[in-house]
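Single-structure report; data block below.
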Amino acid sequence: MNRRTFVQRTAYTAAGFGVLRNLQGCAPPQPPPPPAPAIIPGTFTELRDRYFVFHLEKNPVTSTYLGGDGYSPALADSGSRFRDYRLASLNAEIVFYRSLLASIEAIAPEMLAAADLADRRLMMSQLAFLIHQGADLRYYQRALDTYVGEPIKGVDWQIQHMRDIGNGILGDEPEWQNVIARVLAIPAYLDTARANLLAGKAAGNMPDKRMVERDGIEGSRANAEYFRATLPRAAQRYLGSRPFAATLNAQLLGAGLAAGSAWEQFTAFLLQNFDVNEPVDRYPLGEEEYSWRVRTVYRDARTAAELYDYGAEQVALYTDRIVDVAREFAANAKMNLSFATPADRYSGVRRVMEFLARDAPRDDDQLFRWYREAGVRAVAYGREHGLFDIPSEYRLDVVETPPILRSAIDAVYYPAPPLKPGGTGRFYLTPTGNDRETLKLNNFASVATTAVHEGFPGHDWHFRYMIAHPEQISNIRWLTPGAVEDSSGMWSDSMTAEGWGLYTEELMAEPVPNRKYGFYSPGEYLYMLREQLLRAARVRIDVGLHTRRMTFDEAVDYYTEHVQFMPGARVRAGFDAASKAAYETALRAIYRYSKWPTQAITYSLGKNAVLQLRDACRTRSGAAFSTREFHERFMAQGMIPVEFIRDEFLAGCAAGTAE
């Protein structure tokens with residue numbers, strides 16, 4: 001990635017977040033600094049609301065994800081559009097963001113309420129990221145996975161959020177007209193993407209070869225098939241036999257054929273202009289950029305070097321715990337395993353996991369029953385131990401992933417759009433088609449921690465609680481600046497959502513009388529620890545990849561050794577089936593981390609931030625501390641990293657005043 005020099009002007013650089021830095025590289029000279037940003041009149045609340053609506057207007061797929069058309073009339077047409085990535089439009093955004101940043105910096109913090117102080121910090125962080133990404137890094141010149149992913153995500157989310165008419169029928173006529181309009185917009189959208197990518201190539205600001213091959217070429221081919229065939233077929237089922245169905249089906253088929261052709265042309269463009277075999281790795285951020293993102297986006301003061309060491313410490317911690325539990329499990333099961341040497345430890349853990357994997361579901365019916373039963377158990381456990389105030393009507397539903405989404409999903413939670421009333425979040429589980437090998441990956445012991453993380457008290461409970469308390473959560477705490485779930489994204493929301501999900505996995509393992517592992521059985525607890533280990537390893541790997549402490553292959557090797565307990569699997573993959581499977585799993589994981597810098601660290605960092613906040617609140621509150629009240633206060637903060645709210649939150653934890 002090219003490095004460019006920030007404009008040295010404190011009026012809009014949010015120096016408190018470390019935006020002012022010296023970035024060096026071989027990029028061409030920058031144009032003269034722009035004029036000083038204009039101050040926009042208004043209160044902080046007015047500026048925040050203006051920013052929120054503006055950002056969703058300019059990012060229609062993000063608006064679809066959040067349900068923006070249910071929030072403001074200005075967003076009513078957002079479902080028919082994609083983002084305008086033309087340079088003039090992007091430059092106009094930056095001008096506005098600079099003015100907004102200067103305007104909120106001019107508001108004295110002491111004049112704001114506690115919640116607004118946190119929002120001010122968050123808004124400054126978001127604006128600093130957007131300005132840096134667009135004006136300094138010019139990321140739009142290399143945002144290939146964004147260009148390929150936004151169209152299909154936008155349409156998928158539109159369909160997920162449609163009104164359920166019943167009997168498998170979805171959406172009314174205007175909702176489907178928006179889908180058609182969005183599909184029709186794809187050819188022009190890809191024209192702009194081509195122009196930006198060519199400009200990036202000329203400047204040496206290019207996507208990594210792996211992104212070109214996987215998200216670019218393979219993704220575009222998949223998109224061609226989706227828009228040409230998969231989407232029209234699904235629409236026929238969802239539209240049914242209603243009077244307008246025939247007309248809309250024909251329009252969508254025509255739009256899909258045009259989009260499919262556009263994606264084929266885009267594939268040919270990528271093949272012609274980018275070398276998937278080039279020897280250069282273009283994904284690393286570099287030391288300064290990585291540390292800047294951690295400070296700015298997560299408000300974490302640690303350097304990349306300190307986080308790299310932290311990752312190793314967390315990996316060692318959870319490795320030791322896994323070995324201890326595996327040793328105890330093996331002894332109780334009379335497995336006669338040795339854990340004397342490092343090699344024995346790896347082998348012993350693998351043998352225990354293989355033993356647990358034998359208890360696989362017979363078929364998909366049993367798989368779904370196990371997940372639903374785990375959800376029922378988890379909710380009952382939460383009620384019994386007073387972890388939450390759970391309404392009597394709350395149920396954790398596990399539903400089959402819609403056919404249109406199954407190619408990319410195993411088990412995942414999709415939240416309801418928080419800005420549109422009436423939506424329902426979904427814990428999706430994809431049927432295996434009764435495939436024996438796939439069923440083995442969902443053995444009984446592995447189910448509980450996934451049900452906790454994705455369901456209760458993880459994502460499903462978290463999002464339902466937040467959506468049920470909208471008056472406590474300001475609009476910008478729902479934003480996902482940059483993009484949703486791709487390399488353009490800021491990922492501050494992941495720090496909270498995934499941090500909470502991982503926190504709840506460990507929360508449910510805290511010992512209670514007569515239950516050493518809390519909610520979990522010993523086998524389930526072992527799988528929970530493995531998930532904690534995975535998220536710890538992500539910190540080490542993500543920092544290593546993006547600061548060049550690890551090569552791509554070294555990261556793969558680290559993963560197979562420390563997550564899968566199979567050192568050397570990459571080397572043996574050519575002649576050993578188990579090593580090949582481990583290597584391919586690691587390869588997919590490392591690619592994800594390489595293209596989403598700093599996302600992989602949010603799980604572990606976010607979880608430990610919640611734990612540290614809870615401990616600090618418990619210390620302040622003393623006998624007045626309530627775990628249930630802490631959880632409710634925390635969830636009511638919305639999608640904001642802990643360090644943005646710490647001081648104000650702890651002020652409400654004084655002894656005798658816990659709310």
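Computed from a prediction, not measured in an experiment: that's the story for all the values here.
- With sequence neighbours excluded, the residues that form a side-chain contact (heavy atoms from CB on, under 4.5 Å) with A74 are V53, E57, S72.
- Here the CG atom belonging to L90 is positioned 7.0 Å from the CG atom belonging to D84, to the nearest 0.5 angstrom.
- Looking at R369 and D365, no side-chain N of the basic residue comes within less than 4.0 Å of a carboxylate O on the acidic one, giving no salt bridge.
- A search for side-chain hydrogen bond (donor to acceptor under 3.5 Å, both in side chains) contacts involving R372 returns nothing, not counting sequence neighbours.
- Judged by distance alone, with hydrogens and angles left aside, the side-chain atoms of R142 form a donor-acceptor pair with the main-chain N or O of M206 at under 3.5 Å.
- The two residues K58 and S89 come nearest to each other via the heavy atoms NZ-OG, 4.5 Å.
- A tilted orientation is assigned to the rings of Y189 and F82, their planes being inclined by 30° to 60°.
- A salt bridge does not link R210 with E213: none of the charged nitrogens is closer than 4.0 Å to a carboxylate oxygen.
- Two rings, from Y413 and Y428, have their centers 6.0 Å or more apart.
- A search for ring pair (Phe, Tyr, Trp, His ring centres under 6.0 Å) contacts involving Y65 returns W157, not counting sequence neighbours.
- Remark: W176 pairs with no residue by the ring pair (Phe, Tyr, Trp, His ring centres under 6.0 Å) rule, at least two apart or across chains.
- Closest approach of P151 to T146, counting heavy atoms only: CD-O, 4.3 Å.
- In this structure, F388 has its ring center closer than 6.0 angstrom to the ring center of F456.
- The NE2 atom of H462 lies 13.5 Å from the CD atom of E454; values are rounded to the nearest 0.5 Å.
- Partners of W478 by ring pair (Phe, Tyr, Trp, His ring centres under 6.0 Å), not counting sequence neighbours: none found.
- Ring centroid separation for the pair F96 and Y51 does not come in under the 6.0 Å cut-off.
- No side-chain donor-acceptor contact under 3.5 Å links Q126 and H55.
- Screening residues 253-275 for side-chain hydrogen bond (donor to acceptor under 3.5 Å, both in side chains) gives R228-E264 as the qualifying pairs, with residues at least two apart or on separate chains.
- Contacts of E93 classified as salt bridge (Lys or Arg N to Asp or Glu O under 4.0 Å), with partners at least two apart in sequence or in another chain: R83.
- Other residues, nucleotides and ligands contribute more than 12 heavy atoms inside 6.0 Å of the CZ atom of R194.
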Give every donor-acceptor pair under 3.5 Å between a side-chain atom in residues 168-175 and any protein atom, sequence neighbours left out.
from	atom 1	to	atom 2	distance (Å)
D172	OD1	E175	N	2.9
E175	OE1	D172	N	2.8

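- Taken to the nearest 0.5 Å, the OG1 atom of T247 stands 12.5 Å off from the CG atom of L252.
- Residue L130 comes nearest to I94 through the heavy atom pair O-CD1, 3.6 Å, listed as atom of the first residue, atom of the second, then distance.
- The CD atom of E225 sits 5.0 Å away from atom OG1 of T230, with the distance rounded to the nearest 0.5 Å.
- The two atoms that bring M211 and S487 nearest to each other are CE-OG, 3.8 Å, heavy atoms only.
- Counting non-hydrogen atoms of neighbouring residues, nucleotides and ligands closer than 6.0 angstrom, the NZ atom of K580 reaches no more than 12 such neighbours.
- Atom CD of residue Q637 and atom CH2 of residue W500 lie 11.5 Å apart, to the nearest 0.5 angstrom.
- Minimum interatomic distance between Y140 and G134 (heavy atoms only, all atoms of both residues): CE2-O, 3.6 Å.
- The shortest distance between side-chain heavy atoms of Q160 and R426 does not fall below 4.5 Å.
- Heavy-atom minimum distance, V148 versus S220: CG2-OG, 3.8 Å.
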Tell me which donor-acceptor pairs under 3.5 Å the side chains of residues 463-470 have, and how far apart each pair is, sequence neighbours excluded?
from	atom 1	to	atom 2	distance (Å)
R464	NE	D460	OD1	3.3
R464	NE	D460	OD2	3.1
R464	NH2	R395	O	3.3
H469	ND1	Y465	O	2.7

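- Applying the salt bridge (Lys or Arg N to Asp or Glu O under 4.0 Å) definition to pairs two or more places apart or across chains, none involves residues 238-252.
- In this structure, CD1 on I640 lies 7.0 Å from OG on S474, to the nearest 0.5 angstrom.
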All N/O donor-acceptor pairs, side-chain side in residues 591-601, below 3.5 Å, sequence neighbours left out:
from	atom 1	to	atom 2	distance (Å)
Y591	OH	D215	OD2	2.3
R592	NH2	Q599	OE1	3.2
R592	NH2	Y603	OH	2.9
Y593	OH	R538	NE	2.9
S594	OG	Y591	O	2.7
K595	NZ	D215	OD1	3.2
K595	NZ	D215	OD2	3.0
T598	OG1	Y298	OH	3.3
Q599	NE2	S494	OG	3.3
Q599	NE2	Y603	OH	3.4

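- Contacts of F368 classified as ring pair (Phe, Tyr, Trp, His ring centres under 6.0 Å), with partners at least two apart in sequence or in another chain: none.
- Aromatic pair F54/Y97: ring centres closer than 6.0 Å.
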